[in-house]
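Let me begin by presenting the structure, written as C-alpha cells, before commenting on it.
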Amino acid sequence: MCGIVGCILKNDEDVAPILFNCISKLEYRGYDSIGFATYSENRIHIKKDKGKIEEVENKLNLSNMPGKLGIAHVRWATHGDPSKLNSHPHVDERKELAIVHNGIIENYLEIKEELIKEGHVFKSDTDTEVIPHLIEKFMNEGFDLEHALRETIDVIHGAYSIAAISTKEPNKIVATRKDSPLIVGIGENGYYLASDSPAILKYARDIIYPEKGEIVILDENGVVVHDEFDNIVNKEIESINWTPEMAEKEGYDHFMIKEINEQASAVKNTLTQKEHIQEIIDDIEGNIQRICFVACGTSYHASLTGKYLIESLAGIPTDVILASEFKYSANTLNDKTLVIFISQSGETADSLKALDIANQTSKTLGIVNVVGSSITRRAQYVIQTQAGPEIGVAATKTYLAQLTAIYLFSALLAKNEELVNELDKVPDFIDETLENIDFIKGISKRYNYARDFFYLGRGFSYPTALEGALKLKEITYIHGEGYAAGELKHGPLALIDEGIPVVVIVPPGDSYRKTMSNLEEVKSRGANVLAIGSADDDALKEQADDVITINPEIDELIAPLIYVVPLQLIAYFITLEKGHDPDKPKNLAKCVTVE
Ligand code: M6R
C-alpha cells in the first residue's frame with residue numbers, strides 16, 4: 001500500500017540515485033506510479049508519473065535530479081486513479097512544500113471542502129493532497145515546518161506515514177506516522193526514512209522506530225525525535241541483521257521463485273526460536289483456557305493449520321478469526337484467552353485494529369516476520385519468524401516460517417517431543433520436493449488452459465488447499481476455490497465438469513481413504529485430477545491424471561509444511577505461461593495498511 005522513502009546526505013552528492021535505489025526496493029508496496037521531490041537552489045524539483053518504476057525512470061530519468069535531500073513514493077492507488085496528477089509527491093499552492101504519504105486520510109473530503117472555501121486549489125483526486133495544503137496553511141499562520149505538521153496531524157484522521165520538505169526550511173526532512181509503517185535509518189553517509197527496511201539496508205542498518213504521533217526531524221547532523229509535547233525522545237537504536245543481498249534477486253528471474261527456494265532455510269532458521277517459544281509457554285501455561293488466532297490471507301491459512309494442531313495435540317479449544325471480522329466477534333475474550341496474531345508484515349491494518357481490541361482483555365502473541373513492525377511492538381509476546389525479507393507479493397517462505405513457529409508452539413505446548421524432533425527433518429523434505437521443479441513446471445504448462453480450479457484437502461490438508469487456491473488466484477488471475485474435500489458434495493460438486501482441474505492433496509494418514517473417495521467422485525464427473533501424494537502410493541497413481549509425488553515418510557501431520565511447495569510452484573509456472581509478473585500481481589500490494 002504505497003511506499004515512502006526520504007534521505008538527506010551528509011556530503012554534497014546528489015541524493016536522487018540513492019532515492020532511486022531505495023524506492024526500487026519498495027516497488028512491491030505499490031506499482032501504479034512513482035515520484036520524487038528533491039530540494040536544491042531554493043526550489044523543489046519534482047518528477048512523477050503513472051507507471052512502474054522502470055518505465056517512469058526511462059521516461060523521466062528520476063535518478064538525475066539535483067539536491068542532497070529528497071523524498072520518494074511508490075503508489076498503490078486508493079483514492080483517485082493511477083495517473084500523473086494523483087501521483088505523489090503532492091505540493092502546496094506555491095510549490096514551496098512537497099510531501100509523500102502512505103495510508104488513508106479518512107476525513108479528507110470535509111477538510112478539502114473547508115480548504116477550498118479558504119481559497120486553496122486542488123489538482124488531484126487524492127486524499128493525500130489535503131496534507132500539503134494544511135501544512136501550508138499552518139506555516140502561513142506562523143508555525144515552522146515541524147509544528148505545521150503537528151497541527152496537521154491533529155486535524156487529519158486515518159492512517160499515515162508522511163515525509164515533508166519545504167523551501168522555507170530547506171535543509172531538513174520532517175516525518176511522522178500513525179498506523180502506517182515508518183522507520184528511520186542512521187547510515188554512514190546520511191539519514192534515511194522508509195516504509196520498510198529492504199529500502200535502506202544497503203545504506204543503513206541502525207534503525208529507529210518512531211511511534212504514533214512522534215515527529216522525526218532529519219538534517220545533515222542527525223536525527224531528532226519529538227513527542228507530542230515537543231520533548232526530545234531518546235529513541236533506542238536497533239541494529240537489523242538482514243543484509244542488502246537478502247533483498248536482491250541474486251540471479252533468479254523473480255523474487256517469488258527465489259523465496260520459494262529459500263524455504264528450507266526459512267524453516268531451519270525459525271526452528272532456532274524453540275527456546276524462546278518454550279519461555280513464552282512457561283509464562284502463560286496454566287492461565288490459558290482458549291486460544292484464538294487472528295490473521296488475513298495466507299497468514300489466516302497458517303492460523304487454520306494452528307487450530308488443527310493445537311486442538312488435536314494440546315486439546316485447547318482454538319478459534320481462527322479473520323482480522324477484518326474480529327471486532328464483530330471479540331466480546332467473548334477474557335484474561336484466560338491467548339490471542340495469536342499471525343502476520344508476515346506486522347503492519348496489516350485489520351490485524352492491528354484487532355490487536356488493540358484483544359490487548360484490552362487477553363494475552364496477545366504476535367508471530368511476525370518483519371523486525372520492529374507494529375505488531376511486534378504492540379503484542380505482549382512476540383515470536384519472530386526468521387524468513388528474512390520477503391519481496392514477492394505472494395507470500396511463500398514467510399508462510400512456511402509461520403507454520404514452523406506454529407508447529408513448534410503447538411508441539412511444545414503439547415509436550416510432544418517426537419513432533420519437535422520431526423520438525424528438524426522438514427528443511428530436507430522441502431529441498432527434496434524442490435528437486436522435482438522441472439517435472440512440476442511441465443505439469444503446470446498442461447493446466448494453463450483452465451479458467452477455474454478446485455483444490456481439495458481434508459483435516460491438516462484443508463488449509464493447504466485454501467493456500468494453493470489463494471496462490472493461484474492472486475498471481476495467475478485464474479479462479480481457484482479451496483474446499484474441505486468432504487464439503488464438495490454439499491454444493492460445489494455441481495460445478496465439476498469435463499476437464500475442470502481439481503488438485504487433490506492426499507498425504508498418508510487418517511484422512512487418506514476419505515479423500516481418495518472424494519477424488520473418485522470428481523474423477524467420475526470428468527474432472528482432470530492433479531494429485532499431490534506419497535511417492536509409493538500406487539492407487540493414487542492409477543486414479544489421478546497427474547501426480548506430484550512427495551517423500552512417503554511425510555504423513556498428514558507434517559504435510560502442510562511440504563505439500564504446499566508444489567502448489568506454490570504450480571501457481572508460479574502458470575503465471576509465467578500467461579505472461580504475468582508473479583512478483584507484482586495487479587491490484588495487490590505486499591503490505592495492506594488500510595482496513
Ligand atoms: O502481512 P500479513 O501476513 O498480515 O498479510 C496478510 C495478507 O495480506 C497476505 O497474506 C496476502 O494474502 C498475501 N498476498 C498472500 O500471498
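Whatever order the structure lists them in is the order used to number ligands and atoms, beginning at 1.
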- Task: Go through the steps to decide whether Asp583 and Arg29 satisfy the test salt bridge (charged side-chain N to carboxylate O under 4.0 Å, His left out), and finish with yes or no.
- Result: CA-CA 11 Å; Asp583 286 343; Arg29 300 180 66 90; over 6 Å; no
Let me check something: any side-chain donor-acceptor pairs from residues 559-573 under 3.5 Å, sequence neighbours excluded? List them with distances.
unit_1: Gln568; atom_1: OE1; unit_2: Gln263; atom_2: NE2; d: 2.7
unit_1: Gln568; atom_1: NE2; unit_2: Gln263; atom_2: OE1; d: 3.1
unit_1: Tyr572; atom_1: OH; unit_2: His254; atom_2: ND1; d: 2.8

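- Considering only residues two or more places apart in sequence or on other chains, Asp581 meets the salt bridge (Lys or Arg N to Asp or Glu O under 4.0 Å) condition with Lys584.
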Give me the pairs of N or O atoms, one from ligand 1 and one from the protein, that sit under 3.5 Å apart.
unit_1: ligand 1; atom_1: 1 (O); unit_2: Ser343; atom_2: OG; d: 3.4
unit_1: ligand 1; atom_1: 1 (O); unit_2: Gln344; atom_2: NE2; d: 3.4
unit_1: ligand 1; atom_1: 1 (O); unit_2: Ser345; atom_2: N; d: 2.9
unit_1: ligand 1; atom_1: 1 (O); unit_2: Ser345; atom_2: OG; d: 2.6
unit_1: ligand 1; atom_1: 1 (O); unit_2: Thr348; atom_2: OG1; d: 3.3
unit_1: ligand 1; atom_1: 3 (O); unit_2: Ser299; atom_2: OG; d: 2.6
unit_1: ligand 1; atom_1: 3 (O); unit_2: Gln344; atom_2: N; d: 2.7
unit_1: ligand 1; atom_1: 4 (O); unit_2: Ser343; atom_2: OG; d: 2.6
unit_1: ligand 1; atom_1: 4 (O); unit_2: Thr348; atom_2: OG1; d: 2.4
unit_1: ligand 1; atom_1: 10 (O); unit_2: Thr298; atom_2: N; d: 3.1
unit_1: ligand 1; atom_1: 12 (O); unit_2: Thr298; atom_2: N; d: 3.4
unit_1: ligand 1; atom_1: 14 (N); unit_2: Val393; atom_2: O; d: 3.2
unit_1: ligand 1; atom_1: 14 (N); unit_2: Glu474; atom_2: OE1; d: 3.0
unit_1: ligand 1; atom_1: 16 (O); unit_2: Thr298; atom_2: OG1; d: 3.3
unit_1: ligand 1; atom_1: 16 (O); unit_2: Ala395; atom_2: N; d: 2.8
unit_1: ligand 1; atom_1: 16 (O); unit_2: Lys471; atom_2: NZ; d: 3.0
unit_1: ligand 1; atom_1: 16 (O); unit_2: Glu474; atom_2: OE1; d: 3.3
unit_1: ligand 1; atom_1: 16 (O); unit_2: Glu474; atom_2: OE2; d: 2.3

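- Counting non-hydrogen atoms of other residues, nucleotides and ligands closer than 6.0 Å to NZ of Lys202 gives a total of 12 or fewer.
- In this pair, Phe453 and Tyr447 present their aromatic rings tilted. The plane angle is within the 30 to 60° band.
- The salt bridge (Lys or Arg N to Asp or Glu O under 4.0 Å) search around Lys258 returns Glu250, Glu262, not counting sequence neighbours.
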